[in-house]
Amino acid sequence: MSAWERFLHTFFNRDVIIQYLPDIGKGFIVTCELAILVVISGIAMGFILAMVRAYQILPVNLIIVGFVDVLRSLPPLVLVLLFYFGLPNIGVVLSGFVVLWLVLAAVLAAFAEEIIWAGITSINKGQWEAARSTGLGMTQTLVYVILPQAIRMTIPPMTNRTIAITKNTALGTVIGVGEILNQATTAQSFSSNASPLMVGAIVYVLLFVPIVVLGRWIETRFAWKNA
Amino acid sequence: MSVPAIIKIIDLHKSFGNLEVLKGIDVTLGESELVFILGPSGSGKSTLLRCCNRLEQAQRGQILFDGTDILKPDTEINAIRQQIGMVFQSFNLYPHLSVLGNICLALRKVKKFSKKQAREIAFHQLERVGLVDKSDNFPSELSGGQQQRVAIARALALDPKVMLFDEPTSALDPELVGDVLGVMKDLKNSGMTMLVVSHEMRFARSAADRIIFMDGGNIVEEGPPEQMFDNPQHQRTRSFLQQVGY
Ligand SMILES: Nc1ncnc2c1ncn2[C@@H]1O[C@H](COP(=O)(O)OP(=O)(O)O)[C@@H](O)[C@H]1O
Ligand SMILES: [Mg+2]
């Protein structure tokens, strides 16, 4: 076998690919489900935390900041293992899927909160004053005046962070969640061939490149006509 | 005062930390009166205005608006604020909303008008400030003078009983000042009650009913424009007018 043939045989083995493609397809679905759940619940929770923080209630804010800082400093893998192997000891048995969802959503919420909070504080005080002086309440001002402006600024960092966190769905491998990487490594050990991993990598690219492009598109769309 | 008072400020004290910025201010603003506040920078003019709709919380004293003390914690402040229009030096239009959106927001969310009613009111106010044709533009597409007139329309749309102006022309290029002052003059002629902080001396002389001179958190003297400009009683008033070249 020539080197080129060996390369093809190792990474692009047609028979292996055909045999395991359905499994990786299943993994793709699981990864998509997880990603969607994590993104929606994580960003929603980040929003709620940032909005609550805007009310400046000291004890509440200390809890939020504590939560955010801890989650931002821990590697997600630690949390995944802690929840998956620790919780059953206190009688809480969650599936790997649910653990992964909750952990990644919480981590994304922590980063999202910081990003949105930075957006909120970057808005000129005069915007608050103008809105409040017309009789709009605190929550109305936040929702109709401050957040629409803040969100535009948060889109680039939020896109980056969302992609980074969603890629962590690959941690499902260590707790038996049948996502892309898990399917690919299983197939790799059964077939003793790296092609399934190659396919897995390609599927990740197919999944995330559109999100990156979408993020860039939203970024330009959201830039309002400003001076 | 023969006319009924819309705003009556009694012995108002305001400090930022240890810095006492208002040291016992008394002002009565009668219906349809235009009262002008003059004074050097840092004398507390903005703070006084901002206390009137509780953007700043005063520590002591009373501000009676139509007889209600707005400084009392249990006063429904959002209800009062709709009746006190405020115009800022830096316009503070909402950049993400069109001119129409800027004016309609509080009409819809505070006054709960229908979209159609809100638009009608907005167009009426835009007519008043001469900017009907800009209704679909965004603030960044307008000149400073136009932005300030939109800000005035936004405040007027809520049908306030009094308008507060904090240096409404200070951020404008000189050639744009006239339009804004023109709108304010029209407003005065229509009977609006106004409290104005500004350095437009000629406007003060021609439009003000009364002029208050503030310095260091106190009212130094007040009186009709002729007296204040031609025959000021206090040395501090005289030197201030001299400094601003009047
Ligand atoms: N939010 C604030 N915190 C601390 N000091 C303030 C604040 N706002 C105003 N001041 C101080 O209060 C004084 C009066 O300010 P201001 O009312 O803006 O004066 P003016 O409008 O007459 O120039 C100034 O010394 C200013 O530095
Ligand atoms: Mg000022």
Task: From OH (B/Y94) to CD1 (A/I123), nearest 0.5 Å - done: 13.0 Å

- [ ] Supply the atom-to-atom distance B/N92 CG to A/K125 NZ, rounded to the nearest 0.5 angstrom.
- [x] 10.0 Å

For atom [atom1] of [X], decide whether the heavy atoms of other residues, nucleotides or ligands shown that lie under 6.0 angstrom number more than 12.
X      : atom1 : result
B/K8   : NZ    : no
A/W101 : CH2   : no
A/R216 : CZ    : no
B/N18  : CG    : no
B/D136 : CG    : no

- [ ] Identify the two heavy atoms, one from B/R154 and one from A/A130, that lie closest to each other, and give their separation to 0.1 Å.
- [x] NH2-CB, 3.4 Å

- [ ] Would you mind reporting whether B/L105 and A/T134 have side-chain heavy atoms less than 4.5 Å apart?
- [x] no

TODO: Answer yes or no: is there a side-chain heavy-atom contact under 4.5 Å between A/S133 and B/F88?
DONE: yes

May I ask you to decide if [Y]'s main-chain N or O and [X]'s side chain share a donor-acceptor pair within less than 3.5 Å?
X      : Y      : value
A/Q127 : B/L93  : yes
B/H96  : A/L147 : no
A/E129 : B/L55  : no

TODO: Examine whether an atom of B/R54 lies under 4.5 Å from a heavy atom of chain A, and if so say whether it belongs to the side chain, the backbone or both; otherwise answer neither.
DONE: neither

Task: chain A contact via B/I84 - which portion, at a heavy-atom distance below 4.5 Å - done: backbone

TODO: Using a cut-off of under 4.5 Å on heavy-atom pairs, state which of B/N53, B/L164, B/N78 scores highest against chain A.
DONE: B/N78

